[in-house]
> 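I'd like to ask you about the structure that follows.
Order of the sequence lines fixes the chain letters, A, B, ..., with proteins taken first and strands second; residue numbering starts at 1 for each chain.
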Protein chains: 2
Amino acid sequence: MPKPDVGPTVALDLRVDRSSPVPLYFQLSRQLESAIEHGSLTPGSLLGNEIELAARLGLSRPTVRQAIQALVDKGLLVRRRGVGTQVVHSQVKRPLELSSLYDDLEAAGQRPATRVLVNTVVPAPAEVAAALGVPEGGDVHRVERLRLAHGEPMAYLINHLPTGLLDLDTDRLEATGLYRLMRSAGITLHSARQAIGARGATATEAERLTEPEGAPLLTMRRTTYDDTGRAVELGDHTYRPSRYSFEFQLLVRS
Amino acid sequence: MPKPDVGPTVALDLRVDRSSPVPLYFQLSRQLESAIEHGSLTPGSLLGNEIELAARLGLSRPTVRQAIQALVDKGLLVRRRGVGTQVVHSQVKRPLELSSLYDDLEAAGQRPATRVLVNTVVPAPAEVAAALGVPEGGDVHRVERLRLAHGEPMAYLINHLPTGLLDLDTDRLEATGLYRLMRSAGITLHSARQAIGARGATATEAERLTEPEGAPLLTMRRTTYDDTGRAVELGDHTYRPSRYSFEFQLLVRS
DNA sequence: GCCCCCAATATGTCCGGACAACCTGACTAC
DNA sequence: GTAGTCAGGTTGTCCGGACATATTGGGGGC
């Protein structure tokens, strides 16, 4: 059994602003996180005990613990009773978020473009009705979009949404992502259930994505819920696997 | 803006055992979770205010809050300041875990079988060395397995592991999953970075999975780290998309 | 020299209280 | 009738303290 390597204890320049409306634990948490990100806190180094840290900052121990716990939940820190709190070695990227393809691309500096192919209201097919919790045959929005990066088709996106939640303006759909539209309409996204698979391209998909028919495609079906538990969106997306893959970080919940 | 529908406040039969070594907040958390799962706490219903709940159970408010917070983090509950805590409507399945295919299949009652095709030590190729953090050309385990369900090939699994962590017995590899072996060897899995994509089957993959060459396959590459940050495993897996897809739940982190 | 026990140290759990911020609904003033 | 105000209720934040428990390393007994 290899002995756990314990790095040095690091002294940091931490400060909190009591006049700020930002919660103290959050201020501390953000400072620690950026210290880790910028390398001031190197992997393996000990954070120093909570009691002393609290005294140094003029905070109570529960407040310091709350700040540290937030980072433990993010997977940046590991606590060991009797040892201390240390920075994990592996570089942790963001865990999988409920993010839109549009935001992902923009964050990667790819200047995404959207072409809206269909934007209409249709009677809900059985599968869509079941996922959205609306009556079969009732009205639902249907949106088909093509997402491009650098002028190349990247994904073909079909979405169904309940009517009355949102007005789906084609111009605005081309200017930004669907999730951003929903958020700005006051919808608080809460959770999503998704399935990722693969299959050969149908004739329609092949044409839209400029791939040969039967070419391997990456598929995702996602149902998104807001914080009241309503289904607010059903997405059926196909991606060109040469252009896109799903990457994310998983944490073990202890 | 639709008014948030607030269900009835529910009275529950909750108890804590102070003589138990199980933390009180955890006892309460588990009881609430099972009440939600069993339907005693219906979606939308209010949990009752924390102060009174604490008084009723003879606990302090921080302890009750800790129990509730755990369920909020799991996405089962939603708190609203000035309103109360209520059960979310959508049925939340488990969020994506760091689980092995073996466990997934077993949980689904599929009686998985494993055929070990290769179990040897090889010099680490550059890509493997970089992912595992070992010298290029140094010794690493290489394991190739075929995972079957109901006698049908389901996935072709290639794994590389650092030497010295684990003794990889072929018989035990066929009897259980790799993650279970690692856990029983005292390795605490902490996080993993994975990428999911798709591509056409190579000749070797096609033969192993009894698919035609070029058939669409679902691919996953995963690097797993233990709680000290060491990379403990690199997996390159290919799945038959007709037999397997990745399904999981995402939560928005607020 | 080896092993066991124990003290020091760190986090884990729990308490009781206080005040702030926010939401809702009812009341009041116009 | 409408809009603004206020009060009550709930969660959010923070404090200071207490004891429990796991880990580690050193000292004492053998």
> Quiz question: by atom type and distance under 3.5 Å, do the side chains of Gln27(A) and Asp17(A) form a donor-acceptor pair?
no
> Closest nucleotide of DNA chain D for Gln69(B) versus for Gly82(A): which of these residues is on the 5' side?
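So the residue in question is Gln69(B).
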> So if I take every side-chain heavy atom of Val83(B) and compare against dT11(C), dC23(C), dC15(C), which nucleotide ends up nearest?
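Selected nucleotide (nearest to the side chain): dC23(C).
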> Once you apply a heavy-atom cut-off of 4.0 Å, does Pro23(A) come out as touching a base, just sugar-phosphate, or nothing?
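Sugar-phosphate only.
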> Indicate whether any N or O donor in one side chain lies under 3.5 Å from an N or O acceptor in the other, for Gln69(B) and Tyr25(B).
no
> With no hydrogens and no angle check, just 3.5 Å: does a side-chain donor-acceptor pair link Thr163(B) and Asp139(B)?
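Checked: Thr163(B)/Asp139(B) side chains show no N/O donor-acceptor pair below 3.5 Å.
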> Indicate, yes or no, whether a donor-acceptor pair under 3.5 Å links the base of dG9(D) to the side chain of Arg81(B).
no
> How long is the line joining CG of Leu59(A) and P of dT13(D), in whole Å?
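One finds 14 Å between P of dT13(D) and CG of Leu59(A), rounded.
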> Tell me the interatomic distance from Ile51(A), atom CD1, to dT11(C), atom P, rounded to whole angstroms.
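Checked: the CD1 to P distance equals 8 Å.
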> From CD of Gln66(A) over to P of dC14(D), roughly how many Å is that when rounded to an integer?
7 Å
> Take the protein atom CD of Glu50(A) and the nucleotide atom C1' of dA20(D), then report the distance between them rounded to whole Å.
15 Å
> What is the separation between atom CZ on Arg65(A) and atom P on dT13(C), rounded to the nearest whole Å?
7 Å
> Without decimals, in angstroms, what is the distance between Leu24(B) CG and dA20(D) P?
14 Å
> Please tell me if Arg79(A) has a side-chain N or O lying less than 4.0 Å from either OP1 or OP2 of dG12(C).
yes
> Under 4.0 Å between a side-chain N/O of Arg61(B) and OP1 or OP2 of dG17(C), yes or no?
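For dG17(C), neither OP1 nor OP2 has a side-chain N or O of Arg61(B) closer than 4.0 Å.
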> Using atom CD of Glu52(B) as one end and atom C1' of dG9(D) as the other, report the distance to the nearest whole Å.
13 Å
> Between Thr85(B) and dT11(D), is there a side-chain N or O to OP1/OP2 distance below 4.0 Å?
yes
> How many whole angstroms separate atom CZ of Arg18(B) from atom C1' of dA20(D)?
13 Å
> Quick check on dT13(D): is either OP1 or OP2 less than 4.0 Å from any side-chain nitrogen or oxygen of Tyr25(A)?
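Result: yes.
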> Considering heavy-atom distances to DNA chain D, does Pro21(B) or Pro62(A) have its closest nucleotide positioned more toward the 5' end?
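Per heavy-atom nearest nucleotide, the more 5' residue is Pro62(A).
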> Answer whether the closest heavy-atom distance between the side chains of Thr63(B) and Val16(B) falls below 4.5 Å.
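The answer is no, as the side chains (C-beta and beyond) never meet within the 4.5 Å cut-off.
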> When you measure from the side-chain N and O atoms of Thr63(A) to the phosphate of dT13(D), is any distance below 4.0 Å, counting only OP1 and OP2?
no
> Does Leu53(A) form a side-chain contact (heavy atoms from CB on, under 4.5 Å) with Arg61(A)? I'd like the steps, not just the answer.
CA-CA 8 Å; Leu53(A) 188 56; Arg61(A) 190 180 162 214; over 6 Å; no
